[in-house]
Amino acid sequence: MNNFGSSEFFINKAIGWSLRDYSKTNQDWVRNFVETHKDKMDKLSIREASKYL
């Protein structure tokens, strides 16, 4: 969560990739995390994290 609000493309992409990868293990946790923090997350991170939800 230290990188929320970053304007760096690859940081935001990596946040989304990490969450997307974890969603293969625990979809409910990722869905809840994105819903809880969506106001602080970049749209790119949300889009990448939600790809398999």
Worksheet, complete the sentence: Between the NE2 atom in H37 and the OG atom in S45, the distance rounded to the nearest 0.5 Å is 12.5 Å
Item to complete: Determine the minimum heavy-atom distance between D39 and T36, stating which atoms define it.
Response: OD1-O, 3.8 Å
Worksheet entry | Rounded distance (nearest 0.5 Å) linking atom CD1 of I46 with atom NZ of K40 | 11.5 Å
Practice prompt. State, to 0.1 Å, how close L53 and Q27 come at their nearest heavy-atom pair, and which atoms those are.
Written response: CD2-O, 3.8 Å
Worksheet item: OG of S50 to NZ of K43: how many Å apart, nearest 0.5 Å?
Response: 13.5 Å
Discussion item. Run the side chain to side chain contact (heavy atoms under 4.5 Å, CB included) test against K24 and tell me which residues pass, sequence neighbours left out.
Written reply: D21, Y52
Practice prompt. Check salt bridge (charged side-chain N to carboxylate O under 4.0 Å, His left out) between D28 and all other residues, then give those that pass, not counting sequence neighbours.
Written response: R31
Discussion item. Assigning hydrophobic clusters by single linkage (Ile, Leu, Val, Met, Phe, Trp, Tyr; side-chain heavy-atom cutoff under 4.5 Å), is V34 placed with Y22?
Written reply: yes
Check residues 4-15 and write down every donor-acceptor pair under 3.5 Å in which the side-chain atom is one partner and the other belongs to a residue at least two apart or another chain.
{"residue": "S6", "atom": "OG", "partner": "E8", "partner atom": "N", "Å": "3.0"}
{"residue": "N12", "atom": "ND2", "partner": "S6", "partner atom": "O", "Å": "2.9"}
{"residue": "N12", "atom": "ND2", "partner": "E8", "partner atom": "O", "Å": "3.3"}
{"residue": "K13", "atom": "NZ", "partner": "E48", "partner atom": "OE2", "Å": "2.9"}

